[in-house]
Every structure is written in C-alpha cells, then in structure tokens.
Amino acid sequence: MPVHNEDIARIFDQIADLLEIEGANPFRIRAYRNASRTLRELGQDVRLLREAGEDLTRLPGIGKDLAAKIAEIIETGRCRALEKLQKRLPPDLSELLRIPGLGPKRVHALYHDLDIHTLEQLERAARDGRIRELPGFGAKTEARILETLAAHADSSRRFKLAVAAQYAEPLLAYLRALPGVEQAEVAGSYRRAKETVGDLDILAIAEDGEAVTRAFTEYDEVENVLSQGPTRATVLLRSGLQVDLRVVPAESYGAALYYFTGSRAHNIAVRRLAQKRGLKFNEYGAWRGRRRVAGDTEPSMFRAIGLPFIPPELRENRGEIEAARAGLLPKLVELGDLRGDLHCHSRASDGHASIRQMAEAARDHGFEYLAITEHSKRLTVARGLDSRRLLQQIEAIDELNEKLGGITLLKGIEVDILEDGSLDMPDAVLARLDLVIGAVHSKFDLSRAKQTRRILRAMDNPYFTLLAHPSGRLIERRAPYDVDMNRVIHHARQRGCYLELNAHPERLDLLDTHCQMAREEGVLVSINSDAHSVQDFDNLRFGVGQARRGWLEKKDVLNTRSLAQLRRLLKKVRG
DNA sequence: GCCGTTTTCGGCCCGACTGTTTTCAGTCG
C-alpha cells in the first residue's frame, strides 16, 4: 500500500507524544511535530518527490535524520525508532495526552505510579479515587478527568468557519456593547480564515479587565467557565465551542492582536527574528530592553522588525516571512475585487429561487455577471437537466437578458464527469453555452490513477471550461478523493482551462495549498458561490478567505475580470 | 532533531491560569 504524507505525519506525531512522556529534549520533540506539520501541508506526496529524486532535506524542518526516517517509512511501511519507543512505553499512552489537563508529566506519573495507559484504566482509577493520591494531582484534577471522559465524544470537535461565525458575531457584538470596552476583535485561526476552528480567541481593549472577563463569563450562551482571571477567561458555550477572551490595555492592542492571531508557527519564527534584532516580542508589545518600541497597532509591530504588514491569512510560517523580507508578498485578492460569480443553481435543478431572483440578488452584490449552471441529468437527486430542458433554459436566459438591467446572465452547466471521463451532455448542446463546469459527483473511490485519468480526460473535452470543487472533499465529512492534483493543475495549464474555488462553507475547495500550486502554474481560479439561494452569495467571503490563504492575487482570479475580459478568456478555452 | 547574512555548536518564543503548593510545576495557547 502506498504511503501518504498523513501516514508519515501520524508516525512522527506518535514519536513526539511518546518522547514527550519520556521527558526527552523539548526541541527534539518540536522537531518531530514541525516535520509532521510540513508533511501535512506539503500539498503533494513526499513519496513522489522522493521518487523524482528531490532532496527531502530541502523541506522546512526536515534534516538528514528525518529524511532518512521518511525514506524508511516509504520503503518498509515501518519506523524502527517508533517501534523502539513502543517497547519502552505503551503506544496508547498518547491517547491520555488528549485529555485536557493531562500533559506529558502527568501522563508519565499515571503510567509510572499507577500503571495506567488506557482511557478505561484512567476512568477506573479516577472512580476509585486513586488519582488524587498522586503527588501533583488533587481532587479537582480527578473530577475534571471524569467529567471529560463522560463528554469525550465531542471534545475534539472542530467548527466550520461559517458555523463559528454564527457564534462569534453576536458574542462580539455583546462584548463591544459592554461599558469600558473600547474595541473587540476575533483573533486566532478565525481571523486567519482557516476552514475550521477549534476555538475562538477574542481580544478586547479595556482598562478594567476584571469587569470584562466577569461579564464575558455571564454571557447568555456560556455553559461552563473553564478559567477566569483579571486579563483572560475561557468558557465553553452550549454549542460546545470554546472561547478564550483576553483583555489588554489600548497601548498593547496591536501586539496582542498579532500574538493571538498566530499561527503558533508564525509567532515562533517572528519572535526568533525579533530576538536576532535585539527585540523581544510578547503580547504587550515589542521591547528593546525595558523600553517598549511598538504595540498599539499591528503595523507598528511589523515596522519594529522592519517587515511589511503580513495579512493574517498568510501567517502560517509557510514562506510568508521570507517573502516579506524579500519584498515579494502577494497583494491578496479582496471580496470587492469580484466582478461576478460563475456557479449557481436555480429552482430548475436543486436551487430555491428563480433565475430572475438569483440575478437580482447577484446584482445587489454589485456583480456585473452571473452564470446559471444547473446540474446535468445524471444527478437525478438534484433534478439535473437533460438536453431538452437545458435548451429551454438557454432560450429563457436569452429572453431574460433582454429585460434585465445592470447584470448579464451567462449560460452554463455544472455537468457531471462520468466514470470514464466523458461529460453527461452532448457536445452539440455544450457548444451553445458560455461556459461548462465539470464536476465529479459519483465514484469517489476510484484508484488515484483512474480518478486522475478520468478528470484529465474530461478536461480534454473542447467545451470544458472550469473544474468544479476539484478535491471533492466535504469538510469534516468526506475526505478528498484520491487524485494527483499536481497533474490536474499542470494539465489545466496545458489545456488552457480553469479551476474553481468553491466557496460553499462545507467545501472551500480548491484547498489552500493547491491554490498556491495553481498560482505558480499560472492557472486562473474562479471563486464561485455555488449558490442555491439568494443568501448563498454571502458565502463568497469564505471563498475569498480561502483564496487569500492560498496566496491568490486579484490577477490570479478569473472572476475579477470585467465581463468583456471574461468573455475573451472563456472563448480562448475553446481555442 | 533542526539550523546558520554574527554560529557547523549552541542555541531553540513567551506569559497567564490552575491546582496543589507553601513558592511553583504543569498545562495551555
């Protein structure tokens, strides 16, 4: 079975967990965690890189030793270093680390003193009152363990960005309305527009932190207060979403916003850079000795280390710091750059509004054009259109375009890519459309080779314009199908067609790393809502967030073009 | 275990809160 990046990343995580419990050098542990992260974010199979003769030590955080371990895992499927560790410590110990309040030291104590290495043993010992007897543990810790175990099922749950927004926005409004609160903002992965967030990190300016954290813990939706002090508090909302609040004085707001926006990897790298320049960065400011030289705004922090402002979406330590130093940061695309939307549905298939209503809603968003792209007949659950119904719709849209003012409708289809790579609509009908979006809606489990061939073949259809939701994943629900995205993107370049970044909150597909690949290949990406109702155009902001995480600029995005420019680009696809 | 525009050796980000302490270790972000 071929080894994928995720398999290797998991092995490195396990090694890191076990080393940590053993009390190994913390920097050695971090090295394994960094390498695991590098692999997860690589965007292409390290196995293929290696086969292509690439030097793996050129990857960030991978040195001679870890490159050799990667090679060993790819070749043998095993890792002797992990097996050796597992002889000394039971592998399931790392499960215990997932329990909040249990870190490596305590897990080690539980194992060493009570021979506990499974969650079941942990629960039994807690019930028997044996845990409170251990040095460094107490009755409260024991109770918290039991509480967590009881609710363990959803403790590791992450929230989709759009769902988190539904909780974040009213909470933010509540905090901003509190007396003494000058400003409040969500930082963390939410501000970086990650696809999912594990918790919300909120930052507020106020003189009296105590009063604000108290009011925060009294917010209507708070189920449980996990910690509370004069400058920070952590609560669990009824929805299961954890929220951290930090309160800082105005002069530290920028420093705190920067610090709590993260990512952790970005912070570590920037702090190291600051240190080299004789500065100390913390959440209260940038310091030279005991003198604060910056901190009231985020840009002041960047100025202090001589870097241009790095937008939150780029802060992952994936090359943005080097790019900033070299003056090569992208000027990221913004929501206001979009001139239209190339993917939506009406009542004719599985949408909820008429074509006219969709057009008017798009016009209200300031769009110049909107493509109507119903499903094709293969997708019967969505009342997909056959040739006859599509031809009728083409006529209807032509008529509507005569009457509508301020927006132009484009005629399109989201046509199913069948198992053999053919399209679910005759070419003669496709020829009459402005654009053809190809989409995989079935046979997700084909082998990598077959799935890739299927998509490449579909792209070769002379009318094929745009590949919809290229990975097919549904966030937290369905993994991407196995496809060689490198080849797909390369083929799109050769064929001269485009890729979609589907902005639906469940999809956010193209993935950020693939956006970067598309940009490097020079393949334009269309940020589409896939709207099924008039409200769905609002989702475009999440798509733009994803595009920004993928380093896309206005020029990299197809639907930032004017209608006239777009028409030229659509025509070009057909040669 | 990685890394180097001061280093191939000696560094590796920094502070708040909790619980168990009697001055602080462990955990977390």
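Not measured: the values here are computed from a predicted model. Below, chain A is the first sequence line, B the second, and so on; all start at residue 1.
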| note | For residues 18-34 of chain A, the side-chain hydrogen bond (donor to acceptor under 3.5 Å, both in side chains) pairs (sequence neighbours left out) are A:D17-A:R33, A:E20-A:R33, A:E22-A:R88, A:Y32-A:K69

Close N/O contacts between protein and nucleotides 24-26 of chain B (under 3.5 Å):
none

| note | Taken to the nearest whole Å, CZ/A:R144 to P/B:dT20 is 11 Å

Under 3.5 Å, side-chain donor or acceptor atoms of residues 130-137 of chain A against the rest of the protein: list the pairs with distances, not counting sequence neighbours.
from	atom 1	to	atom 2	distance (Å)
A:R132	NE	A:E142	OE1	2.9
A:R132	NH2	A:E142	OE1	2.9

| request: Measure from the side-chain N and O atoms of A:S252 to the backbone N and O of A:A255, and report whether any donor-acceptor pair falls under 3.5 Å. | output: no

| From CA spacing to verdict: side chain to side chain donor-acceptor pair (under 3.5 Å), A:Q546, A:E313 | CA-CA 8 Å; A:Q546 176 90 346; A:E313 296 92 336; over 6 Å; no

| Between A:R214 and A:E218, is there a side-chain N and carboxylate O pair less than 4.0 Å apart? | no

| side-chain contact (heavy atoms from CB on, under 4.5 Å) evaluation trace for A:L314 with A:L332 | CA-CA 9 Å; A:L314 296 185; A:L332 298 180; 3.9 Å; yes

| request: Using the C1' atom as the reference point in each nucleotide, state the distance between B:dC13 and B:dC28 in Å, no decimals. | output: 14 Å

Below 3.5 Å, can you tabulate the donor-acceptor pairs from side chains in residues 318-328 of chain A to any protein atom, sequence neighbours excluded?
from	atom 1	to	atom 2	distance (Å)
A:R318	NH2	A:D512	OD2	3.1
A:E320	OE1	A:N317	N	3.2
A:E320	OE1	A:R318	N	2.7
A:E320	OE2	A:H266	ND1	2.7
A:E320	OE2	A:E316	N	3.1
A:E320	OE2	A:N317	N	2.5

Using a cut-off of under 3.5 Å, enumerate the N/O to N/O pairs linking the protein to nucleotides 3-7 of chain B.
from	atom 1	to	atom 2	distance (Å)
B:dC3	OP1	A:G61	N	2.8

| Given atom CZ of A:R214 and atom P of B:dC17, what is their separation to the nearest angstrom? | 15 Å

| Which part of the nucleic acid, if any, lies within contact of A:P26, taking any heavy atom under 4.0 Å across all strands shown: a base, the sugar-phosphate backbone alone, or nothing? | nothing

| Does the pair A:D92 and A:T118 meet the rule for a side chain to side chain donor-acceptor pair (under 3.5 Å), with working shown? | CA-CA 6 Å; A:D92 36 9; A:T118 67; 5.7 Å; no

| query | Hey, is A:D509 close enough to A:R473 for a salt bridge, meaning N to O under 4.0 Å? | reply | no

| request: Would you kindly give the CG-to-P distance between A:D17 and B:dT27, to the nearest whole Å? | output: 13 Å

| query | Can you list, by residue number, the residues of residues 136-143 of chain A that have a non-hydrogen atom closer than 4.0 angstrom to DNA chain B? | reply | A:G136, A:F137, A:G138, A:A139, A:K140, A:T141

| Check: A:Y258 ring centre within less than 6.0 Å of A:F302 ring centre | yes

| request: Could you let me know what B:dT8 is paired to, Watson-Crick or G-U wobble, both distances under 3.5 Å, or none if it's on its own? | output: none

| said: Could you tell me how far B:dT8 sits from B:dC12 if I compare only their C1' atoms? Round to whole Å. | reply: 15 Å

| said: If the cut-off is 4.0 Å, is A:Q242 near the phosphate of B:dG29, judged by side-chain N/O to OP1 or OP2? | reply: yes

| task | Strictly below 4.0 Å, heavy-atom distances to any atom of DNA chain B: list the hits from residues 296-313 of chain A, or just say none. | result | none

| said: Which residues in residues 205-213 of chain A have a heavy atom closer than 4.0 Å to any atom of DNA chain B? | reply: none

| request: Check the distance between B:dC2's C1' and A:I70's CD1 and give it to me in whole angstrom. | output: 13 Å

| Does A:R10 come within less than 4.0 Å of A:E6, counting only side-chain N to carboxylate O? | yes

Atom pairs and distances, donor-acceptor, side-chain atoms in residues 197-212 of chain A, under 3.5 Å, two or more places apart:
from	atom 1	to	atom 2	distance (Å)
A:D208	OD1	A:E210	N	3.3
A:D208	OD1	A:A211	N	3.3

| Is the backbone N or O of A:I305 less than 3.5 Å from a side-chain atom of A:R277, with the two atoms forming a donor-acceptor pair by type? | yes

| message | In whole Å, I'd like the distance from the CD1 atom of A:I145 to the P atom of B:dT27. | response | 11 Å

| note | Quick note, salt bridge (Lys or Arg N to Asp or Glu O under 4.0 Å) partners involving residues 298-307 of chain A, not counting sequence neighbours, are A:R191-A:E298, A:E298-A:R315

| message | What is the distance, to the nearest angstrom, from the CD1 atom on A:I131 to the P atom on B:dG19? | response | 16 Å

| Under a 4.5 Å cut-off applied to non-hydrogen side-chain atoms, are A:Q275 and A:K280 in contact? | no

| note | salt bridge (Lys or Arg N to Asp or Glu O under 4.0 Å) test vs A:E75 passes for just one of A:R47, A:R80, A:R50, namely A:R50

| message | Ignoring hydrogens, what is the shortest heavy-atom contact between A:P330 and A:R519? Give both atom names and the distance. | response | CB-NH2, 3.7 Å

| message | Does A:E20 reach a base, just sugar-phosphate, or nothing at all? Heavy atoms under 4.0 Å. | response | nothing

| query | B:dT23 and B:dG19: how far apart are their C1' atoms, nearest whole angstrom? | reply | 14 Å

| message | Check this for me, if you would: do A:K160 and A:E195 make a salt bridge, where the nitrogen-to-carboxylate-oxygen distance has to be below 4.0 angstrom? | response | no

| Are any side-chain N or O atoms of A:R176 and backbone N or O atoms of A:A184, one a donor and one an acceptor, separated by less than 3.5 Å? | yes

| query | Could you state the CD-P distance from A:Q228 to B:dT18, rounded to the nearest angstrom? | reply | 8 Å

| message | Can you check the distance between B:dG15 and B:dC9, where both ends of the measurement are the C1' atom (answer in whole Å)? | response | 29 Å

| field | C1'-based separation of B:dT21 from B:dT27 [nearest Å] | value | 16 Å

Name the pairs: protein N/O against N/O of nucleotides 11-15 of chain B, kept only if under 3.5 Å.
from	atom 1	to	atom 2	distance (Å)
B:dC13	OP1	A:R30	NH1	3.2
B:dC13	OP1	A:R30	NH2	2.9
B:dC13	OP2	A:R30	NH1	3.3
B:dC13	OP2	A:R272	NH2	3.3
B:dC13	O2	A:R271	NH1	2.9
B:dC14	O4'	A:R271	NH1	2.3
B:dG15	OP1	A:K280	NZ	3.1
B:dG15	OP1	A:N282	ND2	3.2

| Nearest-angstrom distance from the residue atom CD of A:E147 to P of B:dT18 | 15 Å

| task | State which residues pass side-chain hydrogen bond (donor to acceptor under 3.5 Å, both in side chains) with A:T57; sequence neighbours excluded, sorted by chain then number. | result | A:D55

